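Both backbone and side-chain heavy atoms feed into the values below; hydrogens, waters and symmetry mates do not. These figures come from a predicted structure and were not determined experimentally.
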Amino acid sequence: MTKPLSTPGTVIFATFIVILSALLVLHKPLPPGFCEKSSLDRVILHLFEPVIRLFYLYPTRYLFSQPQDQIWWTRLSLNTLAKTMGPFTLFDWGTVVVKDATWNGVHVRTYQPRNATGGAVVFIHGGGFAIGSVEMYSGLTRRMAKEMNTFVVSIDYRLSPETVFPENLLDCEKALDYLIEKGPQEFGIDPTKIVIVGDSAGGNLATVIAQRRVEKKAEPRLAAQVLLYPLLQMVDLQMVSYRYFHKRLDGFAFVDPRSVAFYYMLYAGVPVEQAKRLVPSVITNGHIKPEHRDTLDEVLSHRSIIESTHLYNLSKVPARWDVVESLEAQDLLDPIIFNPDFSPLMRTHLEGLPRTLIVTCEYDTLRDEGMIYADRLKMAGVDTKLINLKNGFHAMLNMHNEITEASSCLTDVMEWIRELF
């Protein structure tokens with residue numbers, strides 16, 4: 001006769017069964033090609049994505065009715081989940097000195113390796129201008145500092161909706177100004193070897209800073225900019241990558257068009273309740289006045305190339321749907337969405353920008369705008385490299401310890417930066 005399990009054994013077995021059952025109930029098959037570079041990567045994501053859905057996506061949709069509460073929960077859940085991801089640096093404290101500081105009134109976190117190269121990386125985190133922190137990205141920035149043997153500063157700019165455009169941007173500029181002025185004396189960095197890096201909304205802030213410095217002829221020039229799946233515009237939320245998300249990725253815990261519209265409006269200063277109400281119109285481009293459409297066709301002309309060449313393993317992408325016009329959204333957003341400091345893809349002249357690396361992901365809502373920006377930079381004579389991760393998804397570098405393709409991409413990014421130093 002089989003010996004019954006002990007009480008602790010029974011609890012462990014029951015817990016395992018409950019977790020396994022929950023994963024089976026929550027399981028949603030990922031599209032073909034999604035995270036398929038490694039079978040293990042795909043398995044890990046199939047396990048991890050339902051957890052994000054359970055703790056972040058479902059509560060914001062079904063437990064909280066007020067947008068302010070949804071933002072609060074999103075911040076809390078994602079910051080908490082980030083702490084469960086590596087690296088765990090118990091034996092790593094001697095290689096990189098980590099300090100929190102205030103530069104020109106802005107909170108930053110610095111990572112200084114022993115005998116660093118003399119170059120510097122300024123990292124601006126993503127999160128739709130409303131989520132994220134230096135703590136959430138600490139594993140990523142620490143790894144960059146350690147493996148590149150380079151000084152890294154991560155900027156903890158103020159978030160929307162509490163702080164709105166352009167103050168979030170100005171926080172980042174203030175921190176960069178401090179590094180340029182005080183960095184040589186305090187950290188031994190060469191101010192001509194500063195690379196600005198940003199992911200998602202942080203990529204927006206990073207390239208806007210680069211654009212503004214060129215426009216002002218500021219010295220020293222930035223050595224380079226690295227834009228990781230950047231958020232660059234709010235004028236066309238019906239690009240191919242947006243429409244594909246609606247068809248195949250809706251319901252997954254990945255960055256979706258509704259979130260892009262909502263958080264971008266908060267950054268623009270639209271009140272939270274009003275922004276939530278306007279989302280259905282904005283995701284159809286109903287916030288664009290008809291007289292601007294010819295100008296947009298010119299600035300975004302590379303859309304036609306993407307439409308014909310990036311077809312998601314021949315998966316049929318829906319045609320553009322009807323625009324749901326909103327005069328309210330047009331009046332609110334028209335004064336700001338064409339401002340290149342808000343939507344950097346709208347800047348007409350891109351000549352003179354620093355050497356650029358752009359990383360896009362095939363299964364990312366923001367894929368197309370990164371590709372368009374790369375093409376426009378090349379046409380403007382800017383030394384530009386585009387990496388499109390064929391199996392990638394938005395924010396995947398945050399899983400650089402769990403997913404091999406993310407780790408490999410981060411290594412490529414670091415090698416590209418290291419060549420400059």
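- With D171 contributing its side chain and R158 its backbone, the two residues share a donor-acceptor pair below 3.5 Å.
- Distance alone, capped at 3.5 Å, is enough to place a donor-acceptor pair between the Q330 side chain and the G286 backbone.
- Side-chain atoms of Q238 come within 3.5 Å of backbone atoms of T284 as a donor-acceptor pair (strictly under, hydrogens ignored).
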Check: residues 263-274 side-chain donor-acceptor pairs under 3.5 Å, at least two apart:
unit_1: Y264; atom_1: OH; unit_2: N204; atom_2: ND2; d: 3.0
unit_1: Y264; atom_1: OH; unit_2: F342; atom_2: O; d: 2.8
unit_1: Q274; atom_1: NE2; unit_2: E328; atom_2: OE2; d: 2.7

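- Looking at R53, its side chain never comes within 3.5 Å of a backbone N or O of F252 through a donor-acceptor pair.
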Problem set entry | Worked verdict on K390 versus E36 for salt bridge (charged side-chain N to carboxylate O under 4.0 Å, His left out) | CA-CA 9 Å; K390 296 293 186 182; E36 275 191 346; over 6 Å; no

Problem set entry | Intermediate values then yes/no, side chain to side chain contact (heavy atoms under 4.5 Å, CB included), R376 and H302 | CA-CA 8 Å; R376 290 193 57 216; H302 291 87; 3.8 Å; yes

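- From L45, atom CG reaches atom CD1 of I403 across 5.0 Å, with rounding to the nearest 0.5 Å.
- Remark: W72 pairs with no residue by the ring pair (Phe, Tyr, Trp, His ring centres under 6.0 Å) rule, at least two apart or across chains.
- Sorted by first then second residue, the salt bridge (Lys or Arg N to Asp or Glu O under 4.0 Å) pairs that include residues 338-356, not counting sequence neighbours, are R212-D341, E215-R347, D341-R347, R355-D383, R355-E419.
- Heavy-atom neighbours of K385 NZ from other residues, nucleotides or ligands within 6.0 Å: at or below the threshold of 12.
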Exercise. Could you go step by step and tell me if R293 and N285 meet the side chain to side chain contact (heavy atoms under 4.5 Å, CB included) rule?
Worked result: CA-CA 10 Å; R293 288 169 189 164; N285 295 338; over 6 Å; no

Exercise. What do the steps show when you test I417 against V197 for side chain to side chain contact (heavy atoms under 4.5 Å, CB included), and what is the final call?
Worked result: CA-CA 10 Å; I417 295 173; V197 181; 4.1 Å; yes

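- For F64, the CZ atom counts as densely surrounded, since its 6.0 Å shell holds more than 12 non-hydrogen atoms of other residues, nucleotides or ligands.
- Annotation: K216, atom NZ; neighbour count of heavy atoms from other residues, nucleotides and ligands within 6.0 Å is above 12.
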For this session: Under the salt bridge (charged side-chain N to carboxylate O under 4.0 Å, His left out) rule, what do R320 and D236 come out as? Steps first, then yes or no, please.
Result: CA-CA 11 Å; R320 287 177 174 256; D236 186 3; 2.8 Å; yes

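- The aromatic rings of H125 and Y157 sit parallel to each other, their planes meeting at less than 30°, with 60° as the upper class boundary.
- When atom types are taken as modelled, the side chain of E369 and the backbone of L232 share a donor-acceptor pair closer than 3.5 angstrom.
- Other residues, nucleotides and ligands place no more than 12 heavy atoms under 6.0 Å from the CD atom of E298.
- At least one donor-acceptor pair closer than 3.5 Å links the side chain of T365 to the backbone N or O of V255.
- Counting only distance, with no hydrogens or angles, the side chain of Q112 and the backbone of V97 share no donor-acceptor pair below 3.5 Å.
- Under the 6.0 Å cut-off for aromatic ring centres, F254 and H394 do not qualify, their centroids lying 6.0 Å or more apart.
- Heavy-atom minimum distance, R142 versus Y111: CA-CD2, 3.8 Å.
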